[in-house]
2 protein chains.
Amino acid sequence: MPQYRAPVDDTLFLLNDVLGLQGRSNLAGFADATPDVVEAVLREGGKLADEILAPVNQAGDREGCTRHPDGRVTTPTGFKAAYDAYAGGGWMGLSVPEAFGGQGLPQVINTAIQDFASGANLALSMYPGLTQGAVAALLVHGSEEQKARYLPKMVEGAWTGTMNLTEPHCGTDLGLLRTKAAPQGDGSYAITGTKIFISAGEHDLSENIVHLVLARIEGAPAGTKGISLFLVPKVLVNEDGSLGARNDVSCGSIEHKMGIHGNSTCVMNYDGATGWLVGEANRGLNAMFVMMNEARLAVGVQGLGQSEAAYQSAVAYAKDRLQGRALTGAKAPERAADPIIVHPDIRRTLMQIRAFNEAARALVLWTALQGDVLHRAEDAKERQTADDLMGLMTPVVKGVLTDRGFANAVEAQQVFGGHGYVEEWGMSQFVRDARIAMIYEGANGIQAMDLIGRKLPKDGGRAMMAFLGEVQAFLKESGEDEAAFAKPLQAALGDLQQATMWLMQNAMGNPDNAGAGATDYMHLLGLVALGYMWCRIARAALARKAEGGDTARWESKLVTGRFFMERSLPETALRLARIRAGAGTTMALAAEAF
Amino acid sequence: MPQYRAPVDDTLFLLNDVLGLQGRSNLAGFADATPDVVEAVLREGGKLADEILAPVNQAGDREGCTRHPDGRVTTPTGFKAAYDAYAGGGWMGLSVPEAFGGQGLPQVINTAIQDFASGANLALSMYPGLTQGAVAALLVHGSEEQKARYLPKMVEGAWTGTMNLTEPHCGTDLGLLRTKAAPQGDGSYAITGTKIFISAGEHDLSENIVHLVLARIEGAPAGTKGISLFLVPKVLVNEDGSLGARNDVSCGSIEHKMGIHGNSTCVMNYDGATGWLVGEANRGLNAMFVMMNEARLAVGVQGLGQSEAAYQSAVAYAKDRLQGRALTGAKAPERAADPIIVHPDIRRTLMQIRAFNEAARALVLWTALQGDVLHRAEDAKERQTADDLMGLMTPVVKGVLTDRGFANAVEAQQVFGGHGYVEEWGMSQFVRDARIAMIYEGANGIQAMDLIGRKLPKDGGRAMMAFLGEVQAFLKESGEDEAAFAKPLQAALGDLQQATMWLMQNAMGNPDNAGAGATDYMHLLGLVALGYMWCRIARAALARKAEGGDTARWESKLVTGRFFMERSLPETALRLARIRAGAGTTMALAAEAF
C-alpha cells in the first residue's frame with residue numbers, strides 16, 4: 001500500500017527562498033504569514049495529508065460511492081471522519097477573509113495545502129476543493145445577504161458546494177444550455193433541468209449542499225448571453241440560518257468511472273427547485289468564471305499531486321525491488337541482485353518525474369502568488385500585471401500539469417513492472433485518478449484554445465510581454481555559475497518567441513493555424529515556464545549551497561534541475577516545429593475521409 | 001458502446017501494394033496465398049473480429065473472470081462461445097504446418113488476423129495468442145513425440161497453452177528463478193514452485209491447458225544457465241491421446257487488475273506436478289525465447305489494435321457530438337452546433353493517431369514478413385538478413401507500438417471529454433487494456449535494453465547496417481513526387497546515424513551512457529521505421545493514384561502520411577538530444593537522495 005509524505009520541506013524552500021514570501025509583507029494579510037506561522041501551517045497540513053487523508057485513499061477507490069434507491073449517496077468508509085478532520089481543522093477557510101470565519105492567510109499557502117491534500121487523496125480532496133470554489137464565487141458575486149447566510153457554514157465545512165454547468169448535450173459549449181429558471185414573484189426562481197457530471201453533487205459528508213447552477217431565465221437571449229447563475233441549496237435555509245425543507249433537487253444516478261471512485265459524480269435533477277440569482281441576470285458565465293479559474297488552478301495542482309504520489313511510490317519500490325545487476329558492476333554484491341534503482345532506465349524515469357514535480361510545484365505557487373498580488377497589492381499597475389500573468393498561466397498550469405502529471409503517473413507505474421498493473425499496489429489508482437484532471441474544468445484542448453485565442457491576444461499581448469519581460473530580466477541577472485540553467489532557458493525562450501511570432505503572422509488569415517498549434521503552444525509555454533522555475537530554484541539553491549551546511553540537498557536540486565534543462569526542455573524545438581507545420585495536413589481531409 | 005471494424009481493406013493494400021506479397025511466391029507456402037485466398041481469409045477474419053469477438057469485449061471487462069473456491073476459473077459470459085468460434089474456424093493454426101493440423105499460410109497473414117482480433121477484444125485474443133506462442137516453441141524445441149501428442153489438439157484449440165516464467169521475486173531477472181524440477185526416474189520430472197502473472201493459467205475455455213514452465217533441475221548451475229523448460233499439462237494425457245488424471249498444478253488466486261479483466265491472470269502452484277523436459281536441459285531460456293519473440297511481436301500488435309479500436313470510436317464520436325462552431329465559420333449552420341470534428345485540436349488528435357496506426361500496421365506486417373523469409377527462403381543470405389532485421393525490429397515493435405498505442409488510446413479518450421471517463425462509453429477500457437502491453441513480455445525499458453545492448457552491437461552491428469542499407473536504397477529510388485516524404489526521412493535517418501555513432505563512441509567507456517539513452521534510442525529507431533513505412537505507403541499510393549479511379553482514397557493516405565512526416569517524425573531530433581545528454585545527471589544522485 002502506498003505511503004504518501006507531503007513535500008513540506010520542499011514547499012517551504014520554494015515559498016521562502018525561491019518566491020521570497022517574506023519580502024511580500026506589503027500585501028494585505030501577508031504580514032501575518034510570518035515564517036513560523038507558515039511553517040506551522042504547512043507541517044500541520046502535511047500531517048493531515050499523511051495521516052488522515054492518505055490512509056483512506058486506496059480503500060476509497062475499492063469501495064467507491066453508493067447511490068441508494070431513495071437518492072441518498074454514501075461515500076466510502078472513513079471518508080466522513082477524514083472530511084470532518086479536514087473541516088474541523090479550519091482548512092477550508094485558510095485564505096477566506098476572517099469576516100466569514102476564515103483565517104485570511106495568502107492563497108499561496110492554501111495552494112500548498114491543496115497540493116498535499118490532492119496528492120494524498122484526490123477523490124476526498126474534491127469535496128472541500130469544490131466548496132472553496134463556490135466560496136470564491138460567492139465572495140465576489142454573492143449579495144451581502146447571500147454571503148452572510150451561506151459563507152460561514154461553508155467555511156466551517158458544515159455545508160459543501162458544487163458547480164453545475166454541464167448538461168447531457170452541452171459541456172464546452174455552454175450556449176446550448178437548457179436548464180430553465182422561472183421567477184416565482186418573491187425574488188426566487190424555480191429551476192428546472194438536468195445537470196450531469198456534478199462532482200460532489202450528493203453525499204453524506206455535510207448537512208447541506210450549496211449548488212451553484214447555470215440556468216436560463218425565461219425570455220433570456222439565446223446563447224451564452226442569456227445564462228444566469230443561481231444558488232440552489234439542497235436543503236432550504238430558514239431566516240434564522242437553521243435548515244428547513246428539502247429543496248426539489250435530487251441525484252438521479254452516479255457515474256461508474258475510470259477513477260476517483262471516492263468522489264460522487266452525479267446526474268442532478270432540478271424539478272422546480274428554488275434558487276436565487278447570484279450576481280446580475282444573464283451574466284452568469286462571468287460569475288462562474290471566478291469559480292472556474294480557481295478550479296482550473298486547483299486541477300493543475302491535482303495533476304502535480306498525483307505525479308508526486310506516484311513518484312514517491314516508485315522510488316520506494318525501486319529501492320526495494322532486487323532484479324539484475326548494475327551495468328557498471330554489482331552495487332549490492334552481498335544480495336541476490338541489485339535494487340532496480342541502479343538501472344539507468346529506472347533512474348531516467350525517476351529523474352524525469354522528479355525534475356518535473358519540483359518545477360511544477362514552484363509554478364503553481366508562483367501562479368497562486370500572482371492571485372494574492374492581484375487581490376492584495378495596493379499598486380494598480382502591480383495588480384494588473386499579476387492579473388495578466390495569472391490569466392496567462394492558468395490554462396498552462398491546468399493543461400500542462402495535468403497532461404504531464406498523468407504521463408508521470410504512467411511512468412511511475414511502469415517502474416513496478418507487472419505489479420504496477422495489479423490494483424493491490426496502488427499504482428493503477430494513481431493513473432486512473434490522474435486521468436480525470438486532463439478532462440474536467442475544461443478539457444486540455446479547451447485550455448489550449450483559451451490560451452491561444454483569448455489570453456495571448458488580449459490587450460495586445462500584454463500578458464505574454466509581461467512574462468517574457470520577467471524572464472528576460474531574471475536572465476540578465478544570472479551569473480556565471482548559472483550558465484547550465486540560463487543558456488538552455490534562453491534557447492527555449494527563443495523557440496517561444498518564434499512560435500508567438502509565427503502565430504501572429506499566420507493565425508489572422510487562417511484561425512485554423514492557431515487551432516492546429518494550440519496544444520503544442522500550451523506545452524511550449526509550459527516548458528519555458530518550468531525552465532524558468534528551475535532557473536529560479538537553481539539561483540536559490542546556489543545561494544543556500546554557498547552558505548555551507550547540508551550542501552548535499554542543494555547539490556541534488558542542482559543536478560535535478562540540470563537534468564530538466566538537458567532532457568526535458570529541448571522539447572520546445574519539437575513543439576515549435578509542429579506549430580510551424582500549420583493547419584495544412586491537419587485540416588485537409590473531408591470529415592467523410594475519417 | 002464501441003463498434004469495431006477490422007481494417008481489412010487497408011491491410012490488403014499493405015500486403016499487396018506496399019509489401020508485394022504476390023512477388024514472394026519463391027517462399028515456401030506463399031504460392032498458396034494467392035490474392036483471392038488472402039482476401040478471403042482477411043475478410044473472414046475481419047468478420048470474426050467484428051461480429052464475434054468485439055461484441056463481448058465490453059461485457060467481458062465488466063464481468064471479469066471468477067476464481068471459485070475449488071480453484072476453477074470461469075471467464076465472462078460469452079467468452080466460451082466466442083473462443084469456440086475462433087478455434088472452430090481454424091484460426092489458431094493459420095500458419096502452423098499442415099502436418100500438425102494447420103493451414104501453413106504465411107505468418108504475415110496470421111499477424112494481420114492478430115491485429116484484428118486484439119483490436120476487437122484484447123482479453124479474449126490472449127487465450128489463442130498464448131496458445132500460438134506455445135505451439136511455436138514446441139514446433140522448434142519439442143520432441144517428435146511431444147509434437148505429435150500435443151500440437152494437433154492445441155492447433156484445433158481443444159487445448160490451450162501458457163508460458164510460466166515469473167515468480168514473486170523474479171520477473172526480468174530470470175537468474176533468480178527458484179521453481180524446482182526433480183527427475184522421477186521415468187523420464188518425467190516433478191515440478192514444484194509458484195509462478196505469478198500467468199495469463200490464461202486457468203479458465204473454462206478448453207479441455208486441457210499445456211503449461212510451458214521454466215524450472216531448475218536439481219543440481220543445475222545457479223543463474224540463467226541452470227534453467228530448463230518443461231511441458232506440464234493441467235490434465236495428464238494418456239498414451240492414446242485421451243485425457244487422464246488431473247496433474248498437481250492449480251490456480252491459487254487471480255489478480256485484480258487495471259484492465260484485461262476478461263483474461264485470467266493466475267498465481268499457479270506447482271506441487272510436484274509431472275512435467276517433461278522440452279529441448280535440452282539447462283537451455284530453457286533458449287527455448288523460451290522462441291515463444292517470447294513471437295509473443296513480443298504479438299504484444300506490439302496489441303498496442304496497435306487498441307490504438308485502432310480507440311481511434312474508430314473517437315472518429316464516430318467526433319462526427320456525432322455537436323459542440324461549438326468551427327473557427328472558420330459554421331459548418332453545419334442548420335444545427336445547434338457543429339460536430340466537433342471541425343475543431344483543429346480534435347483533428348490534430350485524430351490525425352496523429354491515424355497517421356501512427358497506418359504506418360504501425362505496415363511495420364508489424366513488414367516485420368512478420370521477415371519472419372516468413374527467415375523460415376521459408378531458400379537463400380541463406382536472405383534468411384540471415386531477415387533474421388537480423390526481425391531481431392532488430394522486434395523490441396521496437398513491442399516497445400514503441402505499445403507506448404504509442406497506449407498514448408493514442410488516451411488521446412482518443414480525450415476526444416470524448418467527460419464521457420471518456422465514464423466506463424459506459426468504452427474508452428476507459430481501451431486505455432486500461434492497452435496499458436498492460438507496455439508491461440508484459442518484458443517491460444518496455446527491457447525492450448530498449450535488448451535493442452541497445454544486444455541487437456544493435458550483435459555481429460558488429462550487421463542488423464542496423466542492413467536496415468540502414470534498405471532504407472537508403474529505397475530513398476535512392478524516390479522520385480520528385482515523393483520529396484515531401486523522402487526529405488524528412490533523410491533528416492530523421494541522419495539523427496539515427498548520429499545517435500548510433502554517439503553510442504558507439506560513448507557506451508564502451510561507460511555503459512550507463514547506453515542505458516540512459518536506451519528508451520530514447522528505441523523510440524528514435526521506431527520513428528525512423530514508421531517514417532520509412534510512410535515512404536513505402538506513399539510510393540504505393542502514388543502509383544494507385546496514377547491509375548485513376550477512386551483517387552480520394554489515395555489522396556487521403558498521402559495527406560495522412562505528410563502529417564506524420566511534418567508533425568511526428570521531427571521528434572527524432574529531441575530523442576537525439578536526450579541520448580547525447582548521456583548518463584551524467586541521470587546517474588549522478590546517490591540512491592539515498594531519492
Side-chain angles (χ1 to χ4, degrees), chain A residues 166 171-173 176 197 255-258 315 319 323-324 327-328 336-337 341 343-345 347-348 350-351 414 417-418 420-423 428 435-436 438-440 443 445 448 511-512 515-516 518-519 556 559 562-563 566-567 570-571 573-574 577-578 581 583 585-589 591 593-594, chain B residues 166 171-173 176 197 255-258 315 319 323-324 327-328 336-337 341 343-345 347-348 350-351 414 417-418 420-423 428 435-436 438-440 443 445 448 511-512 515-516 518-519 556 559 562-563 566-567 570-571 573-574 577-578 581 583 585-589 591 593-594:
Chain A
T166 307
T172 299
D173 187 354
L176 303 176
F197 300 156
E255 303 291 353
H256 178 53
K257 308 184 300 292
M258 183 176 181
V315 164
K319 287 179 176 178
Q323 208 77 180
L327 296 175
T328 50
I341 200 169
H343 301 309
D345 196 60
R347 282 289 180 123
R348 173 193 61 77
L350 298 178
M351 289 298 293
Q414 190 74 9
Y421 200 64
V422 175
E423 290 292 349
S428 165
R435 184 66 184 86
I436 188 58
M438 297 160 70
I439 299 173
Y440 61 17
D512 281 346
T519 289
S556 291
V559 166
R562 287 208 307 277
F563 179 96
E566 283 173 8
R567 295 214 171 220
E571 192 183 316
L574 173 61
R578 286 187 187 152
T585 55
T586 304
M587 301 302 289
L589 296 189
F594 284 87
Chain B
T166 307
T172 299
D173 187 354
L176 302 176
F197 300 155
E255 305 289 355
H256 178 53
K257 308 183 301 290
M258 184 176 181
V315 165
K319 289 179 177 179
Q323 210 77 181
L327 296 175
T328 49
I341 199 168
H343 301 310
D345 197 60
R347 281 288 180 124
R348 174 194 61 78
L350 298 178
M351 288 298 293
Q414 190 73 9
Y421 200 65
V422 174
E423 290 292 350
S428 165
R435 184 67 184 87
I436 188 58
M438 296 160 71
I439 298 174
Y440 61 16
D512 281 346
T519 289
S556 291
V559 166
R562 286 207 309 276
F563 179 96
E566 282 174 8
R567 296 216 169 216
E571 191 182 317
L574 173 62
R578 286 187 187 153
T585 54
T586 304
M587 301 303 289
L589 296 189
F594 284 87

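Reminder, nothing fancy here: chain letters follow the sequence lines and each chain counts from 1.
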Heavy-atom distance under 4.5 Å to chain B: side chain of [X], backbone, both or neither?
X: Leu589(A); answer: both
X: Val315(A); answer: side chain
X: Phe563(A); answer: both
X: Glu255(A); answer: side chain
X: Ile436(A); answer: both

Looking at [X] and [Y], what are the two nearest heavy atoms and their distance?
X: Phe594(B); Y: Lys319(A); value: O-NZ, 2.9 Å
X: Ala443(B); Y: Gln414(A); value: CB-NE2, 3.8 Å
X: Val559(A); Y: Ala588(B); value: CG1-CB, 3.8 Å
X: Ala337(B); Y: Asp173(A); value: CB-OD2, 3.8 Å
X: Thr585(B); Y: Arg562(A); value: CG2-CB, 3.8 Å
X: Pro511(B); Y: Thr328(A); value: CG-CG2, 4.0 Å

Using heavy-atom distances under 4.5 Å, tell me whether Ile439(B) contacts chain A through its side chain, its backbone, both, or neither.
both

Chain A shares the most heavy-atom pairs under 4.5 Å, among Arg347(B), Met351(B), His256(B), with Arg347(B)

Looking at Arg578(B), Gln323(B), His343(B), which one has more heavy-atom pairs under 4.5 Å with chain A than the rest?
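Max contact count across the listed options: Gln323(B).
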
For Ala583(A), enumerate each residue passing the side chain to side chain contact (heavy atoms under 4.5 Å, CB included) test, keeping only those at least two apart in sequence or located in another chain.
Asn510(A), Asp512(A), Asn513(A), Ala516(A), Met587(A)

Taking side chain to side chain contact (heavy atoms under 4.5 Å, CB included) as the definition, give me every residue that meets it alongside Ala581(B), ordered by chain and number, with sequence neighbours left out.
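Side chain to side chain contact (heavy atoms under 4.5 Å, CB included) list for Ala581(B), sorted by chain: Glu566(A), Arg567(A).
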
Note: vs chain B, highest number of non-hydrogen pairs under 4.5 angstrom among Ala591(A), Ala593(A), Ser556(A) is Ala591(A)

Heavy-atom pairs under 4.5 Å with chain B - which of Gly445(A), Gly418(A), Ala577(A), Pro570(A) has more of them than the others?
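Ranked by heavy-atom pairs under 4.5 Å with chain B, first place is Gly418(A).
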
Please round to the nearest 0.5 Å and tell me the distance separating atom [atom1] of [X] and atom [atom2] of [Y].
X: Tyr421(A); Y: Tyr440(B); atom1: OH; atom2: OH; answer: 7.5 Å
X: Arg348(A); Y: Thr586(B); atom1: CZ; atom2: OG1; answer: 8.5 Å
X: Lys257(B); Y: Ser428(A); atom1: NZ; atom2: OG; answer: 11.0 Å

